[in-house]
Amino acid sequence: MNQRLRWASLLLASVLVFLTACSNGGGANNAGGASQDNSVPVNEAADDGSGIKPVTFSFYGHYDWLTTAPWGENEATQWIKENRKVTVEPVQSGGAAEEKLNTMIVSGNLPDVIFTDRGAAVERLVKAGKLVALDDYYEKYPNFKKYVKESTLNLLRSEDGKIYQIPNWYTSGTFGNGGWMVNKDIYNELGRPALETFDDLYQYLLQVRDKYPNVVPLEVGEKGAGLEIMYGGFKEDSTSKNISLMGYPEGDKLVSIYEDPAFEELMLYVSKLFRERLITQDALQQTQDAVKEKVNTGRVAVMIESNITTYGAEGHRALTGNNPDSGYEIIWPIRKAGLDKDNVFVSGFESLGWNVNVITTKAKDPEAIFAYYDWVTGPEGQKVLFFGPKGLFWDEEDADGAPIPNERYKTGDTNERTEKMRKFEDFNWAGNTTFIDTAKMNLETALSENQRSWETVAQSTVTWATSKDITEFVNTDPIPDTDIGIISQNIRDIFTVSFAKMVHAKSDDEVLSVLETAKQDSNKAGLDKLLQFRTERWQENVKKINMSQ
């Protein structure tokens with residue numbers, strides 16, 4: 001084991017020992033009526049018409065990049081504070097999420113709610129008895145029960161059979177924000193040539209490089225994330241999830257990604273673009289802020305990103321502020337010649353959505369917190385935290401409960417409205433994708449074409465249709481401090497280094513040489529064991545999903 005992994009494992013082990021010791025006696029940390037198995041007696045909810053009661057709780061976003069804005073400083077959270085008597089006290093990561101969480105665990109000063117990715121961060125807290133089981137609340141309160149599919153809830157269950165997680169941006173339909181876009185000014189000036197295949201793209205990027213020296217021909221996002229996303233264009237019915245799994249499905253088994261011809265084609269193509277300076281030369285190191293600056297100033301000709309709708313909407317607002325005819329245009333995913341365009345995917349989505357909220361045993365009233373989240377995920381909460389409270393951009397609802405845009409929405413500055421709504425959405429921690437998507441479409445159809453948001457147009461025309469359901473592959477990552485977890489990390493480290501070497505390779509032969517070495521090193525590190533582990537988890541998921549249908 002390398003030095004970094006050894007220290008990481010020792011730290012995690014010491015934290016888990018501490019957690020286990022603290023959980024044995026229950027004591028003060030089981031406030032709120034939590035029993036020894038972390039199930040909490042269900043009390044009667046306050047009958048104020050909303051299903052929730054006044055509560056104040058602390059909220060920690062477990063991400064380096066996330067800074068939670070103060071509560072009550074925009075129209076949506078101010079309305080909630082005044083009308084639902086709910087106050088949230090943000091706890092910041094300070095750009096060092098792992099260190100922050102470990103410090104809180106060791107000190108015993110956990111926040112009431114943790115907002116994090118599914119997987120290891122959650123399960124280690126479950127095993128230590130630091131989370132409240134929510135099964136009884138899911139049965140009692142109406143909205144999650146109505147909107148979350150049974151298969152989704154089953155996939156949220158931990159090994160003990162209980163549910164500790166509240167999903168965010170879960171769905172019963174299709175969604176996706178990944179895709180390709182082009183700079184309209186440059187595309188129009190170059191005669192709007194076909195941009196359908198990777199050969200088309202290569203020729204177009206050459207033109208951009210030669211005619212626009214201050215423009216990035218192909219922008220690939222923060223730390224080059226878009227490079228892996230291109231994988232879906234080389235293989236039908238696939239997404240870059242195969243790369244993160246380190247294997248692709250073949251029948252009911254996962255086969256090494258290094259055996260996949262599509263992955264080899266991807267790396268040869270990416271390296272070629274990089275060698276010819278058609279991609280940002282610091283692609284693998286660049287920050288999100290650096291990417292946004294280029295997009296917002298129009299110094300990007302083509303872009304691929306997993307969150308293209310956000311980059312595109314923000315960049316489009318910036319450019320059209322100076323010239324209404326400028327901006328960005330979403331395009332259908334670029335693909336290898338000969339592939340069926342309708343079976344090529346840019347991104348994948350999971351019915352479980354993006355991430356989760358967990359309520360810790362530190363919370364004094366966990367039921368009140370859950371009741372608030374259930375309200376959030378329902379129609380009123382979603383409208384307030386996405387469109388704003390009634391009276392701001394809408395005054396009435398249609399038959400489906402979707403807000404009807406008022407004159408302020410229709411005639412006000414589109415960019416200002418979109419930016420304000422984006423700030424509301426930052427607090428929508430139990431996003432109900434199906435409800436919001438339906439409401440957005442209903443609302444947008446009430447507007448003229450030039451009033452519709454860039455993001456909604458991109459989603460309804462391209463990004464949703466080119467996103468694949470990959471729910472069956474959730475929960476396939478091992479816990480880091482286990483033997484298989486250590487194998488997984490070693491293999492990921494091999495991949496990370498090898499990927500960078502392939503991107504920077506001086507020739508195709510060098511790409512193939514690095515690829516072969518990575519394959520051999522990964523096999524020695526136990527890739528077969530990792531793929532067997534993930535195959536078993538994948539097939540378990542398939543059974544759970546099929547049982548719920």
Side-chain angles (χ1 to χ4, degrees), residues 12 14-43 52-63 66 68 71 86-94 96-138 140-141 144 156-168 355-374 376-377 427 429-430 479:
L12 183 55
S14 66
V15 169
L16 288 173
V17 168
F18 177 85
L19 281 169
T20 304
C22 288
S23 66
N24 286 337
N29 280 347
N30 280 330
S35 61
Q36 195 163 4
D37 69 355
N38 299 325
S39 297
V40 180
V42 178
N43 302 315
I52 59 177
K53 62 180 180 178
V55 64
T56 296
F57 62 90
S58 56
F59 172 94
Y60 169 63
H62 185 50
Y63 297 97
L66 179 60
T68 306
W71 188 258
V86 173
T87 298
V88 177
E89 300 171 341
V91 177
Q92 312 296 359
S93 71
E98 278 301 321
E99 292 85 346
K100 179 71 174 182
L101 181 58
N102 285 335
T103 298
M104 290 190 292
I105 290 172
V106 172
S107 69
N109 189 26
L110 284 168
D112 299 322
V113 173
I114 299 174
F115 183 62
T116 185
D117 290 331
R118 300 185 304 273
V122 173
E123 293 308 319
R124 80 192 220 196
L125 290 166
V126 170
K127 290 180 183 296
K130 289 298 178 183
L131 299 183
V132 175
L134 307 174
D135 302 66
D136 291 342
Y137 300 155
Y138 273 113
K140 176 177 180 179
Y141 290 88
F144 283 115
L156 285 172
R157 294 187 185 280
S158 294
E159 290 183 4
D160 63 3
K162 297 177 182 178
I163 305 173
Y164 298 89
Q165 304 171 76
I166 299 172
N168 182 36
N355 52 11
V356 295
N357 304 262
V358 292
I359 302 175
T360 76
T361 52
K362 194 73 172 179
K364 293 181 179 179
D365 194 345
E367 181 177 357
I369 296 173
F370 184 91
Y372 169 69
Y373 272 88
D374 192 75
V376 166
T377 211
F427 294 91
W429 303 314
I479 295 175

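Residue numbers count from 1 along this sequence. No experiment lies behind these values; they were computed from the predicted model shown.
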**Student:** With sequence neighbours excluded, what pairs up with Gln92 under the side chain to side chain contact (heavy atoms under 4.5 Å, CB included) test?
**Tutor:**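 Residues passing side chain to side chain contact (heavy atoms under 4.5 Å, CB included) with Gln92: Thr67, Thr68, Pro90.
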**Student:** Just to verify, what does Thr87 make a side chain to side chain contact (heavy atoms under 4.5 Å, CB included) with, not counting sequence neighbours?
**Tutor:**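 Thr87 satisfies side chain to side chain contact (heavy atoms under 4.5 Å, CB included) with Thr56, Trp71, Lys81 only.
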**Student:** Given 3.5 Å as the limit, does a donor-acceptor pair link the side chain of Ser58 with the main chain of Asp112, or not?
**Tutor:**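 Yes, because the side chain of Ser58 sits within donor-acceptor range (under 3.5 Å) of the backbone of Asp112.
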**Student:** Search all heavy atoms of Leu66 against all heavy atoms of Gly61 and return the closest pair with its distance.
**Tutor:**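 Nearest heavy atoms, Leu66 then Gly61: CD2-CA, 3.6 Å.
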**Student:** Just jot down the salt bridge (Lys or Arg N to Asp or Glu O under 4.0 Å) partners of Glu98, sequence neighbours excluded, or say none.
**Tutor:**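 In terms of salt bridge (Lys or Arg N to Asp or Glu O under 4.0 Å), with neighbours along the sequence ignored, Glu98 is linked to Arg124.
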**Student:** Are any side-chain N or O atoms of Thr377 and backbone N or O atoms of Asp374, one a donor and one an acceptor, separated by less than 3.5 Å?
**Tutor:**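 No; judged by distance alone, with no hydrogens or angles, the pair does not exist.
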**Student:** Who pairs with Tyr60 by ring pair (Phe, Tyr, Trp, His ring centres under 6.0 Å), at least two apart in sequence or on another chain?
**Tutor:**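 In terms of ring pair (Phe, Tyr, Trp, His ring centres under 6.0 Å), with neighbours along the sequence ignored, Tyr60 is linked to His62.
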**Student:** How close do Val356 and Pro167 get, counting heavy atoms only, and between which atoms?
**Tutor:**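 So the two residues come closest at CG1-CA, 4.2 Å.
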**Student:** Considering non-hydrogen atoms only, spot the tightest contact between Val122 and Leu131 and give its length.
**Tutor:**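 Val122 and Leu131 have their closest heavy atoms at O-CD1, 3.8 Å.
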**Student:** Identify the two heavy atoms, one from Leu101 and one from Leu110, that lie closest to each other, and give their separation to 0.1 Å.
**Tutor:**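 For Leu101 versus Leu110, the nearest heavy atoms are CD1-CD2, 4.5 Å.
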**Student:** Take Val132 and Ile369 through the test side chain to side chain contact (heavy atoms under 4.5 Å, CB included) and record every step on the way to the result.
**Tutor:** CA-CA 11 Å; Val132 175; Ile369 296 173; over 6 Å; no
**Student:** Tell me, please, which residues at least two apart from Asn109 pass side chain to side chain donor-acceptor pair (under 3.5 Å).
**Tutor:**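 Checked Asn109 against side chain to side chain donor-acceptor pair (under 3.5 Å); zero matches.
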**Student:** Quick one: are Met104 and Ile114 in side-chain contact, heavy atoms under 4.5 Å?
**Tutor:**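 No, every pair of side-chain atoms sits at 4.5 Å or beyond.
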**Student:** Could you go through Phe144 and Phe370, starting from their C-alpha distance and side-chain angles, then the distance that decides it, and tell me whether this counts as ring pair (Phe, Tyr, Trp, His ring centres under 6.0 Å)?
**Tutor:** CA-CA 10 Å; Phe144 283 115; Phe370 184 91; 5.7 Å; yes
**Student:** Compare every heavy atom of Glu123 with every heavy atom of Ser158, then report the nearest pair and how far apart it is.
**Tutor:**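 Shortest heavy-atom contact: OG-OE2, 3.1 Å.
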**Student:** What pairs with Asp135 under salt bridge (Lys or Arg N to Asp or Glu O under 4.0 Å), at least two apart in sequence or on another chain?
**Tutor:**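 Counting only residues at least two positions away or on another chain, Asp135 forms a salt bridge (Lys or Arg N to Asp or Glu O under 4.0 Å) with Arg157.
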**Student:** By side chain to side chain donor-acceptor pair (under 3.5 Å), which residues pair with Asn355, not counting sequence neighbours?
**Tutor:**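 For Asn355, the residues satisfying side chain to side chain donor-acceptor pair (under 3.5 Å) (neighbours in sequence not counted) are Tyr63, Asn168.
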**Student:** Under the side chain to side chain contact (heavy atoms under 4.5 Å, CB included) rule, what do Ile166 and Tyr138 come out as? Steps first, then yes or no, please.
**Tutor:** CA-CA 10 Å; Ile166 299 172; Tyr138 273 113; 4.0 Å; yes
**Student:** When you measure from the side chain of Asn357 to the backbone of Trp429, do you find a donor-acceptor pair of N or O atoms at a distance under 3.5 Å?
**Tutor:**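 Such a contact is found between Asn357 side chain and Trp429 backbone.
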**Student:** Go through the steps for Val358 and Lys130 under the test side chain to side chain contact (heavy atoms under 4.5 Å, CB included), then give the verdict.
**Tutor:** CA-CA 10 Å; Val358 292; Lys130 289 298 178 183; over 6 Å; no
**Student:** Can you tell me how far CD of Glu89 sits from CZ of Phe59, rounded to the nearest 0.5 angstrom?
**Tutor:**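 Output value for this atom pair is 13.0 Å.
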**Student:** Evaluate the side-chain proximity of Glu159 to Val126: yes if any heavy-atom separation is below 4.5 Å, no if none is.
**Tutor:**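 Not in contact.
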**Student:** Please enumerate all residues that pass side chain to side chain donor-acceptor pair (under 3.5 Å) together with Thr116, with sequence neighbours excluded.
**Tutor:**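 Checked Thr116 against side chain to side chain donor-acceptor pair (under 3.5 Å); zero matches.
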**Student:** Is Glu367 salt-bridged to Lys53, going by a charged N under 4.0 Å from an acidic O?
**Tutor:**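 Salt bridge flag = no for Lys53 with Glu367.
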**Student:** Would you compute the distance between atom OH of Tyr137 and atom OH of Tyr373 and round it to the nearest 0.5 angstrom?
**Tutor:**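 Tyr137 OH to Tyr373 OH: 14.5 Å, rounded to 0.5 Å.
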**Student:** Checking Ser93 now: which residues fulfil side chain to side chain donor-acceptor pair (under 3.5 Å) with it, not counting sequence neighbours?
**Tutor:**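 Per chain and number, Ser93 pairs via side chain to side chain donor-acceptor pair (under 3.5 Å) with no residue.
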**Student:** I'd like to know if the side chain of Thr360 and the backbone of Pro111 have a donor-acceptor N/O pair within less than 3.5 Å.
**Tutor:**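 Between the backbone of Pro111 and the side chain of Thr360 there is a qualifying donor-acceptor contact (under 3.5 Å).
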